[in-house]
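Inspection log for the structure reproduced underneath, given as structure tokens.
Order of the sequence lines fixes the chain letters, A, B, ..., with proteins taken first and strands second; residue numbering starts at 1 for each chain.
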Amino acid sequence: MSQEGRKLFLLDAMALIYRAYYALNKNPRITSKGLNTSAILGFANALYDVIRNEKPTHIGVAFDTHAPTVRHEDFSAYKANREAMPEDISTAIPYIMQLIRGFNIPILAVDGYEADDVIGTLAKQAENKGFTVYMMTPDKDFGQLVSDNILQYKPGKPGEDPVIMGVKEVCEKFGVKRPDQVIDMLGLWGDASDNIPGIPGVGEVTARNLLKDFDNVENLIENAEKIDKAGLREKVKTFGQQALMSKQLATIILDVPLTFEEDALKLTPPDINKLQTLFEEIEFRTFAKRVFTDLEKGSPPAGKQAADLFAAAGEPLETIATLSNIDQVPHVYHLADTPEKRKVLVTHLGKSGMFCFDTETTGLDANNVELVGMSFATRPGEAWFVPVPDRYSEAVEIVKEFAGVFADETIGKTGQNMKYDISVLKWYEINVNGSLFDTMIAHYLIEPDMRHNMDFLARTYLNYEPVSIESLIGKKGKNQLSMRSVDPEKLKEYACEDADITLQLRIALEPQLAETDTRALFDEIEMPLVKVLAAMEAEGVKIDSGNLNQFSEQLEKEIAEVEKEIYLLAGEEFNIASPKQLGEIIFDKMQLSDNPKQTKTKQHSTSEDVLQKLINKHPIVQQILDYRSLTKLKSTYVDTLPLLVNPRTGRIHTSYNQAVASTGRLSSNNPNLQNIPIRTERGREIRKAFVPRNDKFVLLSADYSQIELRLIAHISGDEAMQEAFRHGIDIHTATAARIYNIDISEVTKEMRRNAKTVNFGIIYGISAFGLSERLNIPRREAAEIISQYFERFAGIKRYMDEIITFAREHGYVETIKKRRRYLRDINSGNAIVRGFAERNAINAPIQGSSADMIKIAMISIQREFERLKLKSRMIMQVHDELVFDVHQDEVETVKPVIERLMKSAIELSIPVEVEMSTGSNWLEAH
DNA sequence: TACCTCACG
DNA sequence: ACGTACGTGAGGTAG
């Protein structure tokens, strides 16, 4: 082999592992034993891709060691900002080492040095021996080492190509003349992730300009006088030494005591036995198949001869597990595009007992799309596609051929995110009846805090990769095609596959509902709720846009005034909406606080609680807070809501997501109607714009009073709290009397306010620190209050301890209606992570039971409204509140119905109170 | 796209 | 000795 052909790959293990973990862990991979293998798989794929595609002749993987490094000794803050390594990663590392050993690749590590230094040192030595070296890492710092023979190889994101950075690319990226200036850039600019400070206020652009004039940091400091801009000159003078130190920190060490030994790094065939044992343990079936099939085919790493590999493989390949894959199941997908074919299909569906269906549409907004087609499946491997024409009147006629089977109560329906299909079909005069099975929601109950989209479910449960929507209509953006323009044959394959897969998912998921004891919750609450939500969304809510537009103009003026005032007080103009710039102004320039809180990325925090504490330091603070609240109102609500009025209905239609919140709550988006302002005077103006459909109607709001505290009183059985609720005493006053050990009549406003904060804290899983922050009192006092609380409400304390114990034993907690939340970190060795899990253990049953309760109420109210054939409609849900658009003549009918059904949704051992009132807008209805 | 901030319960 | 209250969605900036 020629000298030129020698290719050395040096992998930066930890950087690659982190990257792999965060890229994959959105859909975490967890083995049957509960091991999170996201990091392992991500790294394995990256490693294997490189071996296969780049065919290195030599390879090594560099790790950091636990010993403190030279840099720590120099500068103690270095990397101090780093968060603790996620447990999923630390547990993965031993497996990743096994994997590397399985591939017969040496692991490189030297005490006292970082992986960067090891890579740098070896890269230089190898270069001298005539190798082309690829440093495989996403870390931009490596740019400093790049030369003609040393390149940086940045692995691509899933589905994207890797990027190779040579001298030219590095210089372009950093805007410098030579790669070695990268460290000067980093020295001036800083690097948040490594806690390298740089010069405050100097960003990428300034750093680049300085280097253009002064070449390097040392020279810059020496010639600081020559800087034109006065402000910058001062900064450089003040922080010059810090920049120099930053540069040193960013410099990769090239004289680590180790020698590049060619033979040790030579790529050799993998150790099949080791790999197979590992793959079995971590349940890597697909990856194993890929590796071993390649070996079998002799698509050899590094151009090795296939014979070599077979010799190394040792044992027969039949032992490798084969995968079930629906691609291998023969399937038949039909096109039902004539009246005759449709009639046959309808008859078939009518006799089926249950069918799975899916709709294809021109967009994502169920209340503003056109139907392009429908697909149906009745057994795995067979499906039908019914194209729906462009013209609405024709479309309705065709779709209505299916009205009978859709409406048939005796035919069950299966789908993925059925609320969407049901909503779309409403526009085509279709009513969907019969028992529903929504695979998305089934999975939501089985694994509440994972994702539930079909592609993920298909991969996880069927080991199948569905045809992507992108392959039909392209990536989203202005060039995306319409569903209408897709070739019918292709669309048929895609649509039928969706129905087919969904049906198979039902088969996979149904037993798991039973296993997790969530079948009743599914059948009696979640599935009936799907149609209730579809109805509410279709109803929508009327908005008074004129009112909002007027308000917008008023806000505009106020913002302009505040803005002017802020610039005046600051002595310069800047972007107030940029937390970065704002932080520099009030902390660096104006020095309003010497101890500003830092955000994750080393910036000064400018969040409200921080500013609130500085409010007496300078008048600019209040102005900033005003500016923030004004712009928030304007951009998020006042200017946005009128744009979301649906042209078909003249109303706003939110979408309630039933499979997002891991506690069981709903969430609302497009727009979010669950966070409309109410707490401030100006914010309340927005609620005035939510109005009844016409002057014959009023809005009625009904909300549960203190439902979460009532639930904890009920669940815990705490006598003291139950007694307070039974006597109808204001719960926060009662709490104050108890913790301050005084009579109810002696409770002051402040005591009540404190008690209220404590009560909230209880629901969230209180900590002394959290309480002291919120009450702005010393931690000792907060601790004292908490201990008083637990003494006086011993039942609550007992509940908290018991629920944590339960979680430790079972790995999950559950609500009154058996909704589960799994807490995988509850037995973690990491106190911080465990703390989160413990607070979730306390909160989830309460927040979740409250969600169970209002969901039940919504279903029964909807049923009762239908039974009574009322004109009034339920139109919104805000966690503990229901909003109705009520016909004037029905107000007195509807009130007792709502009250009774909300109160009786779940029977508690204490009274449940519901507050109701009506008005000509949402604010008045409160 | 990630982060920060802030609106609600 | 660690950092900290639970659950969401959305808009802006900056990379």
Take the protein atom [atom1] of [X] and the nucleotide atom [atom2] of [N], then report the distance between them rounded to whole Å.
X	N	atom1	atom2	result
A:Arg628	B:dT5	CZ	P	6 Å
A:Lys597	B:dC4	NZ	P	13 Å
A:Met853	B:dG9	CE	C1'	16 Å

In this structure, which stretches of DNA chain C are paired as stems of three or more consecutive Watson-Crick or G-U pairs, both distances less than 3.5 Å?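 Consecutive-pair runs (3 or more) involving DNA chain C: B:1-9 with C:6-14.
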Can a side chain N or O of A:Arg679 be found less than 4.0 Å away from OP1 or OP2 on B:dC8?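 Result: yes.
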Taking 4.0 Å as the cut-off, does a side-chain nitrogen or oxygen of A:Arg821 come that near to OP1 or OP2 on C:dG7?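 For C:dG7, OP1/OP2 do have a side-chain N/O of A:Arg821 under 4.0 Å.
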When you measure from the side chain of A:Ile832, which nucleotide among C:dC2, B:dT5, B:dG9 comes out closest?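 Ranking C:dC2, B:dT5, B:dG9 by closest atom to the A:Ile832 side chain puts C:dC2 first.
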Looking at B:dT5, C:dG3, C:dG7, which one has an atom nearest to any side-chain atom of A:Arg779?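 From the listed options, C:dG3 comes nearest.
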NZ or CZ of A:Arg839 within 45° of A:Phe836 ring axis and under 6.0 Å: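 Relative to the ring axis of A:Phe836, which defines the angle, A:Arg839 lies inside both limits.
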Please name all residues satisfying side chain to side chain contact (heavy atoms under 4.5 Å, CB included) with A:Ala782, sequence neighbours left out, ordered by chain then number.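 Partners of A:Ala782 under the side chain to side chain contact (heavy atoms under 4.5 Å, CB included) test: A:Leu771, A:Ser772, A:Ile777.
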Remember a base hit wins even if backbone is also touched, and classify [X] as base, sugar-phosphate or nothing at under 4.0 Å, heavy atoms.
X	answer
A:Ser767	base
A:Thr757	base
A:Gly835	nothing
A:Ile676	sugar-phosphate

Under the rule for side-chain hydrogen bond (donor to acceptor under 3.5 Å, both in side chains), what residues qualify as partners of A:Thr137, not counting sequence neighbours?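 Checked A:Thr137 against side-chain hydrogen bond (donor to acceptor under 3.5 Å, both in side chains); matches are A:Asp12.
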All side-chain hydrogen bond (donor to acceptor under 3.5 Å, both in side chains) counterparts of A:Arg687, not counting sequence neighbours: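 A:Arg687: no side-chain hydrogen bond (donor to acceptor under 3.5 Å, both in side chains) contacts found.
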Those residues that, when tested against A:Glu913, pass salt bridge (Lys or Arg N to Asp or Glu O under 4.0 Å) (two or more places apart):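 Residues passing salt bridge (Lys or Arg N to Asp or Glu O under 4.0 Å) with A:Glu913: none at all.
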Report, one line per pair, each donor and acceptor closer than 3.5 Å where one atom sits in a side chain of residues 582-589 of chain A; sequence neighbours left out.
unit_1: A:Asp588; atom_1: OD1; unit_2: A:His604; atom_2: NE2; d: 3.1
unit_1: A:Lys589; atom_1: NZ; unit_2: A:Ala570; atom_2: O; d: 2.8
unit_1: A:Lys589; atom_1: NZ; unit_2: A:Glu572; atom_2: OE2; d: 2.9

Donor-acceptor pairs under 3.5 angstrom involving side-chain atoms of residues 818-829 of chain A: please list them, not counting sequence neighbours.
unit_1: A:Lys818; atom_1: NZ; unit_2: A:Glu814; atom_2: OE2; d: 3.4
unit_1: A:Arg819; atom_1: NE; unit_2: A:Asp852; atom_2: OD1; d: 3.0
unit_1: A:Arg819; atom_1: NH1; unit_2: A:Glu526; atom_2: OE2; d: 2.9
unit_1: A:Arg819; atom_1: NH2; unit_2: A:Glu526; atom_2: OE2; d: 2.7
unit_1: A:Arg819; atom_1: NH2; unit_2: A:Asp852; atom_2: OD1; d: 3.0
unit_1: A:Arg820; atom_1: NE; unit_2: A:Thr516; atom_2: O; d: 3.2
unit_1: A:Arg820; atom_1: NH1; unit_2: A:Tyr822; atom_2: OH; d: 3.1
unit_1: A:Arg820; atom_1: NH2; unit_2: A:Thr516; atom_2: O; d: 3.3
unit_1: A:Arg820; atom_1: NH2; unit_2: A:Tyr812; atom_2: OH; d: 3.3
unit_1: A:Arg821; atom_1: NH1; unit_2: A:Asn840; atom_2: OD1; d: 3.4
unit_1: A:Arg824; atom_1: NH2; unit_2: A:Glu447; atom_2: OE1; d: 2.8
unit_1: A:Asn827; atom_1: ND2; unit_2: A:Arg808; atom_2: O; d: 3.2
unit_1: A:Ser828; atom_1: OG; unit_2: A:Glu87; atom_2: OE1; d: 2.6
unit_1: A:Ser828; atom_1: OG; unit_2: A:Glu87; atom_2: OE2; d: 3.3
unit_1: A:Ser828; atom_1: OG; unit_2: A:Asn830; atom_2: N; d: 2.9

Atom CD1 of A:Ile615 with >12 non-hydrogen neighbours under 6.0 angstrom: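 Yes, the 6.0 Å shell around CD1 holds more than 12 heavy atoms from other groups.
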Sequence neighbours left out, what passes ring pair (Phe, Tyr, Trp, His ring centres under 6.0 Å) with A:Tyr444? Give chain and number order.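 Testing A:Tyr444 for ring pair (Phe, Tyr, Trp, His ring centres under 6.0 Å), a comparison that skips the adjacent residues, returns A:His452.
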Per-nt protein contacts along nucleotides 8-15 of chain C (heavy atom under 4.0 Å; B base, S backbone sugar-phosphate only, - none) come out as SBSSSSS-
Given the structure, check if the side chain of A:Arg774 and the base of C:dT4 hold any donor-acceptor pair shorter than 3.5 Å.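 Answer no: no donor N or O sits under 3.5 Å from an acceptor.
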Decide yes or no, distance alone: a donor-acceptor N/O pair under 3.5 angstrom between the base of B:dC6 and the side-chain of A:Glu608.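 It does not, because no donor-acceptor pair links the side chain of A:Glu608 to the base of B:dC6 below 3.5 Å.
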